[in-house]
Amino acid sequence: MMHQKKIPLFYVFLFLLLAPIYAKVPVQDIYLESDGNGLVIQSVPSGAEVYIDGIRRGRTPLILATLVPGTYQLVLVKEGYETRSVLITLTFGKRLDLTLVLARATGLLSIEIDRRPGSPGPERLPLEPRLFVDDLAVSSSYLKLPVGFHRVRVEAFGWESVERTVMVFQDFPQILTVRLEPASFRISDFYSERRRLNPYNSGMLGATDIRFSVSAAGMGTLTIVDSNNSPVYEYRFSPFSEKNQQHTWKGTDASGSILRDGSYTLILNANSIPYDDSEPVLVTKQVPIVIDSSLVIRPWSIASGASGLLYMPLPETLGSGSFQMDSRLVFGLPFGAASPFNSVPFSFGLRFSPANSWEAGVSGEFDAARDPLANQLSLALRRALLKSSQDFPLSLALDFSWTAAEVSPLSDPTAISWSGSMGGFRMGLPIFIPLWKWAGFGISPALLWPMDLNSSGYTAFPGLELGAGFAGMGATITGGTSAKMIWLGQNEAGLGWTPGPIFAAAELHWFPKPSVFVFHLYGGLWYYREQFGAFSSLGLGFIH
């Protein structure tokens, strides 16, 4: 095949992944001597004033091609940075390329923290301050900071926070005195991590963390009431001794039995414990929550952005606000590999629910041993159209996905990845019929419009994809078997289809309680043009 000279997707993704890491590697001075004449001066950062033997010659980067051989005193000056002075020697017939790193100019700031006059003593109100500079926690009150303005914040439980802006001057010690006063009793940021909860989900997926912040000492009780305002659950917090408070609720009543579906209200009643003779302050906060047993959070495979079995997407969507991430390594002879074990393809996936009955996903397929142009990135969107019930045991969804790839399977059928994804647009209709409470049969027909990034054209006559399989759903384990066949639409030969590869796989996804980790195990086969292959895959991810 002939390919245009473009940067492969794999290297673009690799650059985006590693750029932040390499960006943190400290830069060092560089002295390079080569044939030529003169002096080339650069600085990190650039824009420094250049003085040679006390005479200003310009700003970096600067080229002084006519500077005669000899010894010079070079000085770089830039506001906010330490002045840099070096002695350089130019020799005849040599050009010196010089890069100098400038250090930030710094000053000293000492922070003294005390009680405002009239405040209670340590026996009644302890003072254990936490110090933040530019929103970063620091462990010392004696600081060496870059020259310029800085925000200093002091926090302590039971005391009002204080924030000051201070100007730090170069080589000029300063003292900042901060006096704190007792805090009024307040409750803030009262919320439930999940607004919709299915207690039948496994482990922490069937629970919600209820959090709030408190400003001073006090006590509180969390009461959960149903739609009739009848209490069904109660929890008493220990006396507040720190700002952040949390309680995990598993959707149960006081006896530990799972509550039925419906609307509930979380009510927090809190009161202060005064450090003086004043009356306690009472605060009440409320947050609604819904128990909905149809919101299922289960780990599945994430291929081409569409979740389900490897070769059969399922119409199931995550509960709103939930997500799953995973990565996989493939061993053996996956589809497209030239020989067994000559590569270890890598895949990653992410699925999340931005709203109820909606799910979005992204996944990538990479194989450095193959033509890098075969690497792919997929985006997907799913809308659940129908959820199974006792009256109508069938669930249905609509899948849309688009895969960015440098090669279209119309020109090279082996550009299809081991998980069956290919460049272009896909529209699928996953259908699932429960056969028992824990298992069922699914089918997923789809239309394909293969294309690549080198051209915006694609065949108007779509290809076909048909996936089918059996899925099992336990308390902490999901999995099953699936198979998929692809027919590619003919490009110029008129109506019709060309048979593509056939895939089959068995898989297991284990979500051990009470962790958030998911372990994946796959084994699969493929067939194409009288060639067979077998592969296995291991994966690790987490789900929330």
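In this text, all values refer to a predicted model and were calculated from it rather than measured experimentally.
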Rounded to the nearest 0.5 Å, how far does CD of E181 lie from CG of L125? 11.5 Å
Measuring only between side-chain heavy atoms, which start at C-beta, is T248 closer than 4.5 Å to T208? no
Quick one: does any side-chain atom of R59 pair with a main-chain N or O of G47 as donor and acceptor, under 3.5 Å? yes
I'd like to know whether V44 forms a side-chain contact (heavy atoms from CB on, under 4.5 Å) with L102, so could you lay out the CA-CA distance, the side-chain angles of the two residues, the decisive distance to 0.1 Å, and finally the verdict. CA-CA 6 Å; V44 180; L102 303 181; over 6 Å; no
Any idea which heavy atoms bring K285 and V283 closest together, and the distance? CE-CG1, 4.2 Å
Working note: S85 + Q73, criterion side-chain hydrogen bond (donor to acceptor under 3.5 Å, both in side chains); need CA distance, chi angles, decisive distance, verdict. CA-CA 7 Å; S85 178; Q73 187 73 34; 2.5 Å; yes
Could you tell me which non-hydrogen atom of L90 sits nearest to which non-hydrogen atom of L96, and how far apart they are? CD2-CB, 3.7 Å
Could you tell me whether the side chain of S327 and the main chain of F348 form a donor-acceptor pair under 3.5 Å? no
Can you establish whether the number of heavy atoms outside Y31 located under 6.0 Å from its atom OH is more than 12? yes
Classify the ring geometry between F185 and F240 as parallel (under 30°), tilted (30 to 60°) or perpendicular (over 60°). parallel
Is it true that E155 and R153 have a side-chain N and a carboxylate O under 4.0 angstrom from each other? yes
Donor-acceptor pair, S401 side chain versus L379 backbone, under 3.5 Å? no
Give a yes-or-no answer on whether the side chains of Q376 and S421 include a donor-acceptor pair shorter than 3.5 Å. yes
For atom CG of L540, is the number of surrounding heavy atoms from other residues, nucleotides or ligands below 6.0 Å larger than 12? yes
With side chains defined as the heavy atoms from C-beta onward, is the minimum distance between K94 and D35 less than 4.5 Å? yes
Using the side-chain contact (heavy atoms from CB on, under 4.5 Å) rule, take L266 and L222 through it: C-alpha gap first, then chi angles, then the decisive distance, then the call. CA-CA 7 Å; L266 311 177; L222 174 68; 4.3 Å; yes
Measure centre to centre between the rings of F335 and W418, then say whether the value is under 6.0 Å. no
I'd like to know if the side chain of Q324 and the backbone of W300 have a donor-acceptor N/O pair within less than 3.5 Å. yes
Who pairs with E163 by side-chain hydrogen bond (donor to acceptor under 3.5 Å, both in side chains), at least two apart in sequence or on another chain? none
Between CG of L295 and CG of L318, what distance do you get to the nearest 0.5 Å? 10.0 Å
Show the nearest heavy-atom pair for residues S301 and L310, with the distance to one decimal. OG-CD1, 3.7 Å
Cationic N near anionic O, under 4.0 Å, D135 to R151: yes
Pair T177, D114 - check side-chain contact (heavy atoms from CB on, under 4.5 Å), show working. CA-CA 8 Å; T177 301; D114 200 358; 5.6 Å; no
Donor-acceptor contact present, side-chain W159 to main-chain P126, <3.5 Å: yes
With a 3.5 Å distance limit and no angle check, can you tell me whether Q174 reaches the backbone of M167 through a side-chain donor-acceptor pair? yes
Can you confirm whether the side chains of S320 and N356 place a donor and an acceptor under 3.5 Å from each other? no
Backbone N or O of L136 within a donor-acceptor pair of the D134 side chain at under 3.5 Å? no
Rounded to the nearest 0.5 Å, how far does OG1 of T99 lie from CG of L32? 7.0 Å
Does R124 make a cation-pi contact with Y275 (under 6.0 Å, within 45 degrees of the axis)? no
Side chains of V68 and N37, heavy atoms from C-beta outward: is any pair under 4.5 Å? no
Of T91, L98, D97, the one forming a side-chain contact (heavy atoms from CB on, under 4.5 Å) with E33 is T91
Considering all heavy atoms of both residues, which atom of S272 and which atom of P274 are nearest to each other, and what is their separation? O-CD, 3.5 Å
For E279, does the CD atom have more than 12 heavy-atom neighbours from other residues, nucleotides or ligands under 6.0 Å away? no
For the atom pair OG1 (T83) and CG (L76), what is the distance rounded to the nearest 0.5 Å? 9.0 Å
Can you confirm whether the side chains of R186 and S184 place a donor and an acceptor under 3.5 Å from each other? yes
Which atom of Q28 lies closest to which atom of V101, heavy atoms considered: C-CG2, 3.7 Å
Is the charged tip of R56 near the ring of Y51: under 6.0 Å from the six-membered ring centre and within 45° of its axis? no
Taking A355's backbone N and O only, do any of them form a donor-acceptor pair with S353's side chain (distance below 3.5 Å, no angle check)? yes
Say whether, by atom type as modelled, one donor and one acceptor occur between the side chain of R95 and the main chain of A65 under 3.5 angstrom. no
Is it true that atom CZ of R104 has more than 12 heavy atoms of other residues, nucleotides or ligands lying nearer than 6.0 Å? yes
Is the ring centre of Y522 less than 6.0 Å from the ring centre of H509? yes
Could you tell me how the ring of F542 sits relative to the ring of F323: parallel (under 30°), tilted (30 to 60°) or perpendicular (over 60°)? perpendicular
Going by atom types only, do S378 and R426 share a side-chain donor-acceptor pair under 3.5 Å? no
Side chains of S141 and E112 only: does a donor on one sit below 3.5 Å from an acceptor on the other? no
Kindly compute the distance separating CD1 (I297) from CZ (F511), expressed to the nearest 0.5 Å. 9.0 Å
Is the number of heavy atoms from other residues, nucleotides or ligands within 6.0 Å of CD (E128) greater than 12? no
Please name the pair of heavy atoms, one in V287 and one in S192, separated by the smallest distance, quoted to 0.1 Å. CG1-N, 4.3 Å
Please test L268 against F237 for side-chain contact (heavy atoms from CB on, under 4.5 Å), starting from the C-alpha separation and ending with a verdict. CA-CA 10 Å; L268 175 65; F237 290 91; 4.0 Å; yes
Report yes or no: do S307 and R351 form a side-chain donor-acceptor pair below 3.5 Å? yes
Inter-residue atom distance H247.NE2 - Y235.OH, 0.5 Å rounding: 6.0 Å
Do S357 and T317 get their side chains close enough for a donor-acceptor pair, meaning under 3.5 Å? no
Does a donor on one side chain sit under 3.5 Å from an acceptor on the other, for S347 and E365? yes
Would you confirm whether S537, through its side chain, and L329, through its main-chain N or O, come within 3.5 Å as a donor-acceptor pair? yes
